[in-house]
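One structure is given here, and the rest of the page talks about it.
Since this is a predicted model, take the numbers as computed values, not measurements.
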Amino acid sequence: MVRQHMLISGDVQGVGFRYRANYAARALGLTGYVRNLYDGRVELEVQGDRDSISRFLGEIDAGSFIHIDDIEKKELPVQEDERSFKVLHTGGY
C-alpha cells in the first residue's frame with residue numbers, strides 16, 4: 001500500500017479529468033482526492049497498491065480530451081483511516 005501526491009499538467013481542466021479520476025479510483029478501490037488548482041494543473045492524492053495506481057492513471061489519460069503533459073509525484077505516508085476518493089473544490093498550492 002502506497003500514497004502518492006501528484007501535480008498533473010496538460011489539458012486537464014474542463015475536460016472531465018476529475019470525473020474520470022473519481023470513477024476510476026472507485027472502480028479500482030483507491031482512496032484519496034482530486035481537485036483543480038488555480039494555475040491550471042490538477043492536484044491529486046491517491047492511495048492503494050502500485051499496480052492499481054498505474055492503471056488509474058492510464059484510465060484517466062485515456063479520456064477523449066484529456067492530455068497529460070507532466071506528472072510531479074512524491075510518496076506520502078499512508079492514511080490508514082481513509083475510506084473513499086473525493087472530488088474537492090478548486091484550491092491553491
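- Follow the hydrophobic side-chain contacts under 4.5 Å out from Leu7 and you never reach Leu76; the two are in separate clusters.
- Residues Val87 and Tyr33 form no side-chain contact, since every pair of their non-hydrogen atoms from C-beta on lies 4.5 Å or further apart.
- In this model, a donor atom of one side chain and an acceptor atom of the other lie less than 3.5 Å apart for Asn22 and Arg26.
- Hydrophobic clustering, with ILVMFWY side chains joined whenever heavy atoms are under 4.5 angstrom apart, groups Val42 together with Val15.
- Counting only distance, with no hydrogens or angles, the side chain of Glu45 and the backbone of Arg3 share no donor-acceptor pair below 3.5 Å.
- Between the side chain of Arg41 and the main chain of Tyr38, no donor-acceptor pair closer than 3.5 Å is present.
- Shown here for Lys73 and Leu57, the closest heavy-atom pair between the two residues is NZ-CD1, 4.1 Å.
- Heavy-atom minimum distance, Leu30 versus Gly48: CD2-CA, 3.6 Å.
- Within the structure, every pair that satisfies the salt bridge (Lys or Arg N to Asp or Glu O under 4.0 Å) test and touches residues 52-70, not counting sequence neighbours, is listed here: Asp51-Arg55.
- Grouped with Val78 in one hydrophobic cluster are Met1, the linkage being side-chain heavy-atom contacts under 4.5 Å among Ile, Leu, Val, Met, Phe, Trp and Tyr residues.
- Judged purely by distance below 3.5 Å, without hydrogens or angles, the side chains of Glu43 and His5 pair a donor atom with an acceptor atom.
- Remark: side-chain polar atoms of Gln13 are paired, donor with acceptor, to backbone N or O of Leu37 under 3.5 angstrom.
- Between Val12 and Phe17, the closest heavy-atom pair is O-CB, 3.1 Å.
- A pairwise comparison of heavy atoms in Ala24 and Phe56 identifies CB-CD1, 3.8 Å as the closest pair.
- Within the hydrophobic cluster formed by Ile, Leu, Val, Met, Phe, Trp and Tyr side chains joined at under 4.5 Å, directly or through other members, Tyr19 stands alone, with no partner residue.
- Cluster membership for Ile68 and Tyr23, using ILVMFWY side-chain heavy atoms within less than 4.5 angstrom, is not shared.
- No side-chain heavy atom of Thr31 sits under 4.5 Å from any side-chain heavy atom of Ser84.
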